[in-house]
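Taking it in order: structure first as structure tokens, then the write-up.
Everything numeric in this text was worked out from a predicted model, so none of it was measured. Convention: sequence-line order gives letters A, B, ...; per-chain numbering from 1. Atoms considered below: every heavy atom in the structure, side chains included; atoms not considered: hydrogens, waters and symmetry mates.
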Amino acid sequence: MTEAKAGSQPGVVGAPVRRTGPPVPSTLRDLSRAGRTAWTLPDLDVPAVDIPDGHGRSTPPDLPEVAERDLVSHFTRLSQRNYGVDTGFYPLGSCSMKYNPKVAEQIAGLPGLQRLHPWQPDATIQGALEMLSRLEHALCEITGMFRATLQPPAGASGELTGLLIMRAYHTKQGDPRTKILIPDAAHGTNPASVTLSGYTPVHVPADRRGLVDLDALHSLVDDQVAGLMLTNPNTLGLFELDIADITRTLHDVGALVYYDGANLNAVLGKARPGDMGFDIVHINTHKTFATPHGGGGPGAGPVAVVERLEPFLPSPMVKQVDDPGADGERRGVRFAWDHDRPDSIGRVHGWNGNFGILVRAYAYVFGHGHDGLTAVGERAVLNANYLAALVRDVYPLAYPDGRPMHEFVSTAKPLRKHGVRAMDVAKRLIDLGFHPSTVYFPLVVEEAMMVEPTETESKEVLDAFAEALHQVAREAESDPDLLHEAPVTTPVRRLDEAKAARELRLTWSMGAELKAAAGAASAASAASAGQQPTV
Amino acid sequence: MRFAPHTDGDVREMLSVLGLASVDDLFAQIPSDVRLGRDLDLPAGLSEMELVADLRALAGANRHVDEMVCFAGGGAYDHYVPAAVWALAGRSELYTSYTPYQPEVSQGVLQALFEYQSLICDLTALDVSNASLYDGATALVEAVNMARHATGRSRVLVSEAVDPRYWETLRTYGRGTGYQPEPVAIDGGVTPSPEGGFADDVAAVVIQHPNVFGSLEPAGSLFDAARAAGARAIQVFDPLSLGVLAPPGELGADIALAEGQSLGNHLAYGGPYLGVIASRMQDVRRMPGRIVGETVDVDGRTGYVLTLQAREQHIRREKATSNICTNQTLMAVAATIYLGWLGPRGLEELGRQCHAKAAYAAERLSSISGVDLAYPDAPFFKEFALRTAGDPDEVQRRLIEAGFLAGPVFDAGTDGRDGRVVLVAVTERRSREEIDAFVKAFEEAVS
């Protein structure tokens, strides 16, 4: 087994990596022992009542039994096997993995924001409603829109919400239409959302510049097109220079234009989708507004619209109450949920959206203010351009003639002649102490590496990452096995994803008999080779 | 508040490498007709202290459930969240990470999700789960989509005793995918099996059990009838009822989904919550969202990866089973820790206590003059609906003034014919003293 070269940072993910010795129990199921407990509850203080006949369980639930101490060490160790933004550089493209402010966590935990029941009457949650109202109006100012819903719990949910708004608008016009145009480099949620909204996706190619091909667009736009979905800058990190033409082309046939807000970080305070001609915008608070990604979620996907689409926004919305009446005034009712929205597409979430995430977004927006938000955009674009300049000689930009904004897409194609692929580069970066960039997206670029450093990284980190990329390029030529073997410093090495899809083990009960057989086989062969089973 | 670390010196050096005179040059390519050209019309940024003060003021303008005693239900409950849950889920290696696309450095989240999926299957007696959906209502939308794909049929029947907000959500998304849910009428607060069974063009029959009124449905026979007609039997369940109530798998549900807020997640005015879903193996390839599978690494070590990704949007794009990408992973991690803490005996005891306390409260409340159980003949778990002489919204308001939160208040029964009711939920957190005080306040509120 090869070791990481001197000068790298072994054990980047924190927990010491142990390769030999007795196997440690790995899951809660393995830790379980009959009779172990962690729970406590007060004694029942009212008469016990039997569950009605025919409704009770026939056997107790089959859950693991563990003591609290073991539960805690188990999840502590798991966390140590995990790399987060707090661990270090995390340059995933179009994810905006920026620093998550700790003050936002603290604020979200205030009982006056966390201990609110979603069914509480409006009079008891005036602070929450005011916060949502202020956030809504700030997001509209940032994006150049008229009103916004804060209900969608994620960007993809926002996309579907926006498409349903388009559908409602066109239906009300008596002209339902059938197609949505999306660039072929679009994020997968775009076409998936299109299908779920009952439209057919039609792909728009890019031109040599990597931007929407205007000629192709003109030939595709007809009166069956309900809308176009774009992000700007696009998934290549390039600003759509013809955006005003593009939105005008769609408006000329009565279609609408949707802004996927994944890349909003690039234009904060500099340009607004509303001013570019977009009609509907979704925002990813977990990207642009630094709400933590949570290991995969939760996020929030507010959707903002221009004035003529306001009636179709989900219900309810927060309104300021002009005339609360004597009783309302007495109770200080200034904000309320407005359910009187006859043209609304309805509810897109069972509750009021991911409120706790919206609190964090509010803290970010108002903590930064107009000046701080503009600085975010400036530093994000500066960092991406600087990093691109440092590495583009070895990892060429996919579209070298354009100036990227907050992210850039390079290709690892030059390393193919050494038998090295973008995947190998990514795995070796892990051994050198960095979370890799996105690889193999967008699909239109071979051996794509999509790099978004964000504004919260220092020059030294960017320099170190660039140096690591250069080292990997040199190693590709001199010692490619180092890259193929990578990573070697992590708790597990490269995982067999094909096996995972072929031999489904999606719970600790599934395939238990297969696992027992496999375990017996590997123990037997290890014993015969005189070794302990590896962990 | 600013987190970009750049000094003026850093910026100068970086611009010099780029051969640019100023940061503005980086934005020169933006056409002038779309440039903002002014400051954003927002206040200036704040120091951390000022920001905290601003949010404390907003928080202070709310009355929260540590200031009132919570007897509200309707899908979100004041269950006790043990300290260990967020001490662990709040570790920043977990909550500041993202989708585990590089599994070697994401084994923490991946394994936690594998354990979550396993626990949900243990709990529901079903075969497969996923790494979370947004909430209960959108989980129902996904379950219905699964059923329609699986059966090739279109019609979706939903009991009127399913939460009204789930109904609204289904209607919204149904307009996109080409169906509208059809009601199955209720009677006496529960859903009767239709005479002659369900029609053979029905894709899904959806029953909530316990239902929105807290009442126990004849779920087993309804699911048998659904399956006999070739439809998918779908149950909306309460995760914390499964210590004492028969689980969906035993009742014959094909797909089960729930609001998972009660599994160690905070009330937080409605989110972030947790969409729980589980199904039988027959529907595994239609399951939406991320799924974690166990595998081995090159050295034979057990590890975890996202699997069956060909179902998902980043691979299948317009043919994906769902458009979901970002989900509610952190809430699922919290649920895993919570279920690990409760264990089978804790879950059973919790269920026992909720049942006993709700029964005690219901008996005392319904003996108040002018207060009746809306459905006295229907057995219930953890919550129940009350009719009150006089306006139940006013009763709710007076209870709040007295320091008690009950609710929601809504129109019950088919077309609201069972009148306006107020829900009362009683969890393991409510002591006998609190219940007795609530009863007293209720009596005053209706007088």
Residue selection (most heavy-atom pairs with chain B, distance under 4.5 Å) from [options]:
| options | result |
| --- | --- |
| A:C95, A:P60, A:G155, A:P436 | A:P436 |
| A:T456, A:D275, A:T195 | A:T456 |
| A:A244, A:G346, A:S193 | A:S193 |

Let me know if [X] has heavy atoms under 4.5 Å from chain A in its side chain, its backbone, both or neither.
| X | value |
| --- | --- |
| B:D127 | backbone |
| B:P82 | neither |
| B:T138 | side chain |
| B:R175 | both |
| B:F3 | both |
| B:E168 | both |
| B:R290 | side chain |
| B:N327 | both |
| B:I291 | side chain |
| B:E312 | neither |
| B:L347 | side chain |
| B:A84 | side chain |
| B:A320 | side chain |
| B:L94 | both |

**Study point:** Check: B:Y304 and A:T27 side chains under 4.5 Å, non-hydrogen atoms
**Key:** yes
Review point. Heavy-atom distance under 4.5 Å between the side chains of B:Q102 and A:Y83, does that happen here?
Key: no
Atom pairs and distances, donor-acceptor, side-chain atoms in residues 348-356 of chain A, under 3.5 Å, two or more places apart:
residue: A:H349; atom: ND1; partner: A:W351; partner atom: N; Å: 3.2
residue: A:H349; atom: ND1; partner: A:G353; partner atom: N; Å: 3.1
residue: A:W351; atom: NE1; partner: B:E259; partner atom: OE1; Å: 3.1
residue: A:N352; atom: ND2; partner: B:Y269; partner atom: O; Å: 3.4
residue: A:N354; atom: ND2; partner: A:P153; partner atom: O; Å: 3.4
residue: A:N354; atom: ND2; partner: A:G299; partner atom: O; Å: 2.8
residue: A:N354; atom: ND2; partner: B:Q328; partner atom: OE1; Å: 3.1

Which pair of non-hydrogen atoms, one from [X] and one from [Y], has the smallest distance, and what is that distance?
| X | Y | answer |
| --- | --- | --- |
| B:T172 | A:R347 | OG1-O, 2.8 Å |
| B:T96 | A:M97 | O-CE, 4.0 Å |
| B:V305 | A:A500 | CG2-CB, 3.5 Å |
| A:G297 | B:T326 | CA-CG2, 3.7 Å |
| B:R317 | A:H187 | NH1-C, 4.1 Å |
| A:W508 | B:L119 | CZ2-CD2, 3.8 Å |

Check your understanding: Less than 4.0 Å between a side-chain N and a carboxylate O, is that true for B:K357 and A:D45?
Key -> yes
Point to revise | Check ion pair B:D66-A:R115 (N to O, under 4.0 angstrom) | key: yes
**Study point:** Identified salt bridge (Lys or Arg N to Asp or Glu O under 4.0 Å) partner of B:E104 from the options A:K427, A:R493, A:R81, A:R494
**Key:** A:K427
**Study point:** Approximate separation, where rounding is to 0.5 Å, of A:D496 CG and B:D297 CG
**Key:** 9.5 Å
Point to revise | Separation between NE2 of A:H293 and OG1 of B:T99, rounded to the nearest 0.5 Å | key: 7.5 Å
Of the backbone (N, CA, C, O) and the side chain (C-beta and beyond), which part of [X] lies under 4.5 Å from a heavy atom of chain B, both, or neither?
| X | result |
| --- | --- |
| A:T37 | neither |
| A:L113 | both |
| A:S157 | both |
| A:L163 | neither |
| A:E141 | both |

Check your understanding: Looking at B:H6, B:Q117, B:E48, which has the largest count of heavy-atom pairs under 4.5 Å with chain A?
Key -> B:H6
**Study point:** B:P379: side-chain contact (heavy atoms from CB on, under 4.5 Å) partners, not counting sequence neighbours
**Key:** A:P52, B:L216
